[in-house]
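The figures here come from the full heavy-atom set of this structure, side chains too, leaving out hydrogens, waters and symmetry mates.
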Amino acid sequence: MAGGVAKNDQWRLAEVSGLERDRALLGRSSTAERVADILRDRITEGYFPPGARLSEESIGGALGVSRNTLREAFRLLTHERLLVHELNRGVFVRVVTVEDLDDIYRVRTLVECAAVRGLGEGPYDARTTEGIAAIEAAVRAGEAASDDREWQDISTANIRFHQGIVALAGSPRTDELMRGVLAELRLVFHVMADPRRFYAPYLIRNRQIVEALQAGDAAEAEQLLLSYLEDSRRQLSGAYAQRIAEG
């Protein structure tokens, strides 16, 4: 599947006109980092699916940036494991391996559970209370999306839920680490193309975790989260391995 793209996604490779709307985000101080931010968002949204080849000419033209700037942005995203450079073929959106997926969950378990464990027993200070409120808002957004059968919105709400969990640690470095980990995870879900199956069943568990946090019971929240992540890893890893084997 490396470098390959499903037929029903091929039309998206040539479609870069939407990037022209992002040109305004660059402003007068266009930098490789800001180009990377735009492309990262597009990749995690599924605009460029796993296995898609990124054209320097079409993307550079759509964003109005130089080839050198774009190549630097590609290099940054390659370092983040979102892109891969194949000699004499070009740059492609990375296809995550099953081993990568297991490692992603290993990192998630270490970071997310530590963030919750570090809270200790409540009541919590204003910063933590505000953070828990943000997590609860993500849970409510997921529940509303489920009621409206907006499955992709459930995916987005779930990502925000886990980002909120990590944000409880109050560490910008950990937030940045998790942003990359969750972006890489979304590459897996774009291959699966079934967010309802892999997100909807966990809405109730998200609610249980946030209620434990609101009650000041970090120990209970951590145990719920640990079980959640292990069940999610097992389910997704098995399904993803089968999908990869099918090509």
Side-chain angles (χ1 to χ4, degrees), residues 1-6 8-9 12-13 18-19 22 35-54 73-74 76-84 91-112 135 138-139 141-142 145-146 150-167 174-203 205-206 225 228-229 231-244:
M1 190 172 178
V5 184
N8 62 351
D9 285 328
R12 304 171 80 175
L13 303 184
L19 287 175
D22 294 324
V35 173
D37 287 342
I38 289 171
L39 294 179
R40 183 188 303 105
D41 287 344
R42 289 293 189 163
I43 290 168
T44 57
E45 290 165 3
Y47 186 86
F48 297 113
R53 182 180 180 277
L54 301 189
F74 284 170
L76 293 171
L77 295 176
T78 299
H79 180 70
E80 294 179 19
R81 301 173 65 83
L82 293 180
L83 300 180
V84 60
V91 175
F92 295 82
V93 178
R94 188 163 167 266
V95 177
V96 175
T97 67
V98 176
E99 292 75 18
D100 290 330
L101 178 57
D102 287 338
D103 193 45
I104 287 170
Y105 269 89
R106 188 176 301 114
V107 173
R108 291 186 66 192
T109 299
L110 288 169
V111 175
E112 293 187 46
I135 295 170
V139 172
S146 179
E150 295 290 345
W151 309 120
Q152 193 57 47
D153 289 344
I154 293 179
S155 168
T156 299
N158 196 62
I159 290 294
R160 289 175 180 168
F161 171 83
H162 289 284
Q163 287 175 325
I165 291 289
V166 174
T174 305
D175 292 341
E176 184 177 356
L177 168 66
M178 189 52 54
R179 182 184 68 170
V181 169
L182 292 176
E184 195 174 355
L185 180 63
R186 294 194 83 167
L187 294 180
V188 174
F189 283 103
H190 290 317
V191 171
M192 300 309 299
D194 191 0
R196 176 184 180 182
R197 175 184 175 189
F198 296 104
Y199 282 123
Y202 292 91
L203 288 173
R205 299 174 79 164
N206 286 355
L225 180 60
Y228 172 122
L229 290 171
D231 289 347
S232 177
R233 183 203 63 78
R234 188 183 304 111
Q235 178 195 23
L236 184 57
S237 182
Y240 188 66
Q242 180 178 351
R243 182 64 183 269
I244 292 296

Exercise for the section: Could you tell me whether Arg243 sits above the aromatic face of Tyr240, with NZ or CZ closer than 6.0 angstrom to the six-membered ring centre and within 45 degrees of the axis? Expected result: no
Handout entry: Partner set under side-chain contact (heavy atoms from CB on, under 4.5 Å) for Ser146, not counting sequence neighbours
Key = Trp151, Ile154, Leu203
Handout entry: side chain to side chain contact (heavy atoms under 4.5 Å, CB included) between Leu236 and Leu185, worked out
Key = CA-CA 11 Å; Leu236 184 57; Leu185 180 63; 4.1 Å; yes
Handout entry: Pairs touching residues 182-191 that satisfy salt bridge (charged side-chain N to carboxylate O under 4.0 Å, His left out), sequence neighbours left out
Key = Arg81-Glu184, Arg94-Glu184
Handout entry: Closest non-hydrogen atom pair, Ser237 against Val98
Key = OG-CG1, 3.8 Å
Handout entry: Heavy-atom pair of closest approach, residues Val95 and Gly51
Key = CG2-N, 3.6 Å
Practice task
Mind checking the CG-CG spacing from Leu229 to Leu110? Nearest 0.5 Å is all I need.
Solution key: 10.5 Å
Practice task
Would you confirm whether Ser232, through its side chain, and Tyr228, through its main-chain N or O, come within 3.5 Å as a donor-acceptor pair?
Solution key: no
Problem - Whether over 12 other heavy atoms sit under 6.0 Å from Glu176 CD - result: no
Handout entry: His190 side chain vs Pro49 backbone, donor-acceptor pair below 3.5 Å
Key = no
Problem - Candidate pair Phe92 and Leu54, rule side chain to side chain contact (heavy atoms under 4.5 Å, CB included), full reasoning - result: CA-CA 6 Å; Phe92 295 82; Leu54 301 189; over 6 Å; no
Problem - Whether Thr44 side chain and Asp41 backbone form a donor-acceptor pair below 3.5 Å - result: yes
Handout entry: Flag, side chain of Tyr202 to backbone of Asn158, donor-acceptor distance under 3.5 Å
Key = no
